[in-house]
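Below: the structure, in structure tokens.
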Amino acid sequence: MTAYFAREESIFFMQGHQPAHAIATIANSYLGSNPAHGFTFRSIHQDSFKQLEDGRYDMNLNAKFPNAALGSYGYAFAGLYSDQEETIELSLSCYGPVRIYLNEGHLYKSTMDDDVNVQRRKTFTASLRKGWNAFFIKLLKTASGFGCQFGSSNGKWFPLHYLSPFVERSGMGGWAYTSPVAEDRFPDDRLPDFNSQQEEIENLHNVIWQPSLQPPIAAEQGTDLQELFNTESGDVAYAWTSFIIDSPVNEACQIHLSSAGKLRLWLDQTLSADLNASSCSTTYTLTRGRHDCLVEIIRQGQSWNFTLDITQGGRPVALQLPAHVHGTSSNWLYVGPFTGAMDNPEHMGTLHRLFTHTSAQGSHLSTAQYWRTGEQHCFVRPYLENERYAKWNYPLGVTLYGLLQTGRELQRPDLIQYVIGHVQSCTNLYDYSLWDQARYGSPAINHQLVELNMLDDCGSFGSAMLEANREADDPTIRRLAHTIGHYILHSQERKEDGAFYRQRPGEYQENTLWADDLYMSTPFLCRYYEMTGDLGCITDAARQFLLFKNYLFIPDHHIMSHVYDFKYETPTYVPWGRGNGWVLFSLSELLAVLPENHELRSELIDFFRTLAAGYLKLQGANGLWHQVLTDSASYEEASCTAMFTYAFCRGIRYGWLDQPVPYAEAAHRAWEGLTKLAIDKSGNVYGVCRGSGYSFTPLYYKEELNWILNDTHGIGIVLLCGIEYMKLQAL
């Protein structure tokens with residue numbers, strides 16, 4: 001027996017057979033550990049290093065300083081924050097010689113082979129400490145180049161967002177770098193401190209740090225928008241600020257406005273002033289608390305300035321940044337310029353949308369705008385700095401599905417709203433994330449969705465998204481569903497027979513077919529069919545199971561191999577637990593919505609029964625199934641156990657299993673095993689296998705593919721299992 005914790009620590013020991021209590025405890029634990037913080041918004045200078053498509057930073061100092069002399073030195077400096085001690089994998093390609101330091105210690109020195117071939121990718125690891133980690137890079141110009149490409153070895157799944165050093169740049173995104181110098185100004189024993197004053201370091205080492213920062217323009221003294229928009233076309237811009245009335249009584253305040261051109265002011269989304277090259281003072285009685293001001297300013301010839309100040313009882317009221325943006329001292333945010341006034345400008349006071357003008361020609365993203373700060377050339381950029389909330393990936397898709405169904409079953413609106421909030425955090429900024437990728441080289445949010453090129457990127461989360469939209473009824477979600485649907489139905493790689501597979505040239509998984517991809521595709525197609533009524537979606541989903549059966553079915557055990565490798569024209573013949581769980585779980589999702597008269601329904605029910613019988617025989621002594629289904633010495637794995645149990649319960653409820661008694665007994669044993677051995681009294685879930693690669697040897701799955709506490713591959717599935725077990729008990 002796999003012992004994950006003492007018997008007395010289990011949820012079963014504390015509560016016995018109470019599945020509703022168990023799933024509520026798991027859900028509460030998840031929400032407590034993953035609060036709905038959303039994105040972190042930071043300023044970033046437009047002259048900061050751009051990123052490549054793979055997420056690495058392109059530190060090409062030749063492009064920044066083309067006249068730098070051979071033998072010149074340049075330096076790049078940034079910090080990486082880590083919530084815990086961890087090891088990350090980094091990738092480096094060199095334009096010239098490079099030395100990398102981490103926390104003032106030597107991390108990597110480029111080799112002769114690195115220095116002469118920028119196409120060469122060197123991968124190495126770095127150990128991060130909890131808190132700030134300072135990366136300092138020393139670059140030398142040679143005839144081959146000047147700089148490097150550096151960052152995460154897998155920017156799609158493990159993006160690294162570096163932040164600027166120095167007190168003056170605190171909170172800004174991106175790297176700081178120096179202008180070239182003739183000799184090395186930073187010997188190994190005199191590297192700069194991440195939290196030092198920039199001016200002090202510049203004076204001490206005789207260097208100049210870039211990008212150059214300017215103080216923000218300030219509307220209280222009069223704002224000339226030409227300073228921000230002097231090289232851009234368009235004649236309309238918007239400025240957004242806020243202020244706080246803290247008087248305990250409703251005391252009148254005065255807002256004083258002037259403008260060289262046309263100006264409109266919205267106070268708390270209500271149009272409050274409309275000027276034409278004039279000034280005014282208006283008195284308001286405002287409630288205590290925060291108030292928003294949005295100003296629309298139209299350029300008048302070469303003049304584009306305005307003033308706004310607020311007083312209360314003769315005392316000035318301070319303006320403040322209207323949203324939480326790190327790395328700026330500005331009290332205003334600005335967006336524009338546009339070729340005409342925006343529709344419904346009163347609703348522009350948000351960081352959660354990209355602004356496009358309805359009269360713009362061509363691609364709406366090519367003319368789109370987003371907020372900038374009052375510092376020249378500095379823009380607001382959202383970053384995903386949470387481990388889970390507001391993140392888009394396939395394990396979180398099934399996690400959110402489980403939380404959503406738990407909210408429905410337990411009548412918990414808080415859980416439902418949490419899921420909707422997570423989903424909409426991603427979908428509302430989908431257009432922005434495409435724009436962000438085009439502007440900065442690699443997106444800072446929605447990585448998998450933006451770089452959509454495999455089923456992992458869209459199917460699981462897309463399925464949860466459509467499920468959440470039953471409550472949200474969001475047109476943005478429906479529009480994005482069409483994007484995902486088009487990808488799966490028309491762009492995803494398929495074999496000649498129509499089976500989904502992974503082409504992935506140059507990768508370890510090149511030319512393979514994975515059992516996992518039945519979950520990464522068919523539940524979404526089922527919900528997309530329900531949304532659109534297109535029978536072709538559900539038919540495609542149905543055919544995938546029969547095609548995958550041809551490739552992966554192991555007749556000796558009536559179960560499935562994890563992967564078929566077309567390079568060798570053979571399945572791996574390794575029955576990985578969760579890979580099989582995805583198959584039966586997803587088949588139950590399909591059968592629940594497949595029309596009764598569908599031509600493939602009978603064959604699919606037979607397949608469901610065949611697989612269920614195979615899995616039933618392999619259930620372990622403690623009620624759990626094993627990591628390698630046919631190896632009782634491999635660890636007892638929670639996610640496949642939950643998926644088999646989920647499918648058994650549904651098979652009984654829907655009548656797909658013609659001999660339900662042994663499956664009901666198996667479900668009871670499995671749920672009891674999970675609550676005794678894999679779920680502790682605090683709602684932590686143990687024994688969930690981490691995300692996998694694949695292998696032809698079961699030893700990889702048994703000895704290398706270890707389990708992780710509270711892994712999102714299993715939390716939602718365990719919740720769904722508990723719900724189905726409750727429904728079975730209620731029959």
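A quick note: this is a predicted structure, and the numbers were derived from the prediction, not measured.
- Shown here are the ring-ring contact (aromatic ring centres under 6.0 Å, His included) partners of Phe39, two or more places apart in sequence or in another chain: there are none.
- In terms of modelled atom types and a separation under 3.5 Å, the side chain of Glu507 and the main chain of Arg504 share no donor-acceptor contact.
- With sequence neighbours excluded, the residues forming a side chain to side chain donor-acceptor pair (under 3.5 Å) with Lys156 are Asn453, Asp457, listed by chain and number.
- No side-chain donor-acceptor contact under 3.5 Å links His558 and Tyr615.
- Arg381 pairs by the side chain to side chain donor-acceptor pair (under 3.5 Å) definition with Asp436, not counting sequence neighbours.
- Partners of Phe194 by ring-ring contact (aromatic ring centres under 6.0 Å, His included), not counting sequence neighbours, listed by chain and number: Trp132.
- Here His326 pairs with His324 under the ring-ring contact (aromatic ring centres under 6.0 Å, His included) rule; sequence neighbours left out.
- Applying the side-chain contact (heavy atoms from CB on, under 4.5 Å) rule to Ala670 yields the partners Gln619, Trp625, Thr641, Thr645; only residues at least two apart in sequence or on another chain are considered.
- Listed by chain and number, the residues in a salt bridge (Lys or Arg N to Asp or Glu O under 4.0 Å) with Arg653 are Glu724 (sequence neighbours excluded).
- Note: His422 and Tyr418 have perpendicular aromatic rings, judged against thresholds of 30 and 60 degrees for the angle between ring planes.
- Ser682 meets the side-chain contact (heavy atoms from CB on, under 4.5 Å) test with Asp680, Asn684; sequence neighbours excluded.
- Looking at residues two or more places apart in sequence or on another chain, you find a ring-ring contact (aromatic ring centres under 6.0 Å, His included) between Phe5 and Tyr686.
- In this structure Thr630 satisfies the side-chain contact (heavy atoms from CB on, under 4.5 Å) test together with His557, Ile559, Pro575, Leu618, Val628, sequence neighbours excluded.
- By the side-chain contact (heavy atoms from CB on, under 4.5 Å) test, Gln729 pairs with Tyr725, sequence neighbours left out.
- Applying the side chain to side chain donor-acceptor pair (under 3.5 Å) rule to pairs touching residues 401-416 yields Asn28-Arg412, Tyr401-Arg527, Tyr401-Glu589, Gln405-Arg408, Arg408-Glu467, Arg408-Glu471, Arg412-Asp414, sequence neighbours excluded.
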